[in-house]
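Written out below as structure tokens is the structure these notes cover.
These values consider heavy atoms only, across backbone and side chains, with no hydrogens, waters or symmetry-generated copies.
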Amino acid sequence: MKTRIKELRARYDLTQEDLARKVGVRRETIVFLEQGKYNPSLRLAVQIAKALKSGVEELFIFEKGEI
């Protein structure tokens with residue numbers, strides 16, 4: 001799964017630490033999400049989307065065959 005977290009984070013001038021604090025996770029979680037190494041829970045995906053003023057479907061992009 002690919003994400004647009006890094007791109008949207010930059011739009012709002014947020015560091016990984018800033019975003020992590022907003023959604024209540026460690027910075028490493030944001031790093032792993034941005035690298036596609038971690039699939040978030042639905043709750044976390046929604047929290048991140050809200051923090052980045054985005055929709056979940058805009059933030060997370062599934063590759064063909066991943067769903």
Side-chain angles (χ1 to χ4, degrees):
M1 173 176 63
K2 292 184 180 182
T3 73
R4 296 183 61 215
I5 295 173
K6 187 174 183 176
E7 173 189 339
L8 294 173
R9 208 173 35 75
R11 180 185 295 173
Y12 297 107
D13 198 31
L14 293 171
T15 65
Q16 290 172 332
E17 185 68 36
D18 294 335
L19 180 57
R21 253 188 256 113
K22 280 181 171 263
V23 299
V25 297
R26 295 178 26 196
R27 184 189 63 82
E28 291 82 4
T29 302
I30 303 301
V31 170
F32 290 142
L33 284 166
E34 288 182 354
Q35 293 173 349
K37 294 181 178 178
Y38 176 71
N39 289 331
S41 66
L42 179 57
R43 173 184 223 115
L44 180 56
V46 170
Q47 289 174 320
I48 292 171
K50 283 183 179 180
L52 296 175
K53 299 177 179 103
S54 170
V56 172
E57 62 283 349
E58 179 186 358
L59 196 56
F60 298 95
I61 301 126
F62 291 95
E63 298 290 306
K64 188 175 182 178
E66 284 186 322
I67 298 178

Notebook entry, point to check: Testing K2, K6, Q16 for side-chain hydrogen bond (donor to acceptor under 3.5 Å, both in side chains) with E34, which one passes?
Noted result: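 Per the side-chain hydrogen bond (donor to acceptor under 3.5 Å, both in side chains) rule, the option paired with E34 is Q16, out of K2, K6, Q16.
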Find out whether [X] and [Y] are in side-chain contact, i.e. whether some heavy atom of one side chain is under 4.5 Å from a heavy atom of the other.
{"X": "L44", "Y": "Y38", "answer": "yes"}
{"X": "I5", "Y": "L59", "answer": "yes"}
{"X": "T29", "Y": "V23", "answer": "no"}

What's the spacing between [X] [atom1] and [Y] [atom2] if we round to 0.5 Å?
{"X": "F60", "Y": "N39", "atom1": "CZ", "atom2": "CG", "result": "8.5 Å"}
{"X": "R27", "Y": "L19", "atom1": "CZ", "atom2": "CG", "result": "12.0 Å"}
{"X": "E28", "Y": "K37", "atom1": "CD", "atom2": "NZ", "result": "12.5 Å"}

Notebook entry, point to check: Partners of D18 by side-chain contact (heavy atoms from CB on, under 4.5 Å), sequence neighbours excluded?
Noted result: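 D18 satisfies side-chain contact (heavy atoms from CB on, under 4.5 Å) with L14, T15, R21 once adjacent residues are dropped.
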Next item on the list: Just jot down the side-chain contact (heavy atoms from CB on, under 4.5 Å) partners of K53, sequence neighbours excluded, or say none.
Entry: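 With neighbours one apart ignored, the set is Y12.
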Next item on the list: Evaluate the criterion side-chain contact (heavy atoms from CB on, under 4.5 Å) for residue pair I48 and L33; output intermediate values, then yes/no.
Entry: CA-CA 11 Å; I48 292 171; L33 284 166; 3.5 Å; yes
Checklist line | Partner set under salt bridge (charged side-chain N to carboxylate O under 4.0 Å, His left out) for R4, not counting sequence neighbours | finding: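 In terms of salt bridge (charged side-chain N to carboxylate O under 4.0 Å, His left out), with neighbours along the sequence ignored, R4 is linked to E7, E58.
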Next item on the list: Mind listing the closest non-hydrogen atom pair of P40 and M1 along with its distance?
Entry: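 So the minimum-distance heavy-atom pair works out to CD-CE, 3.7 Å.
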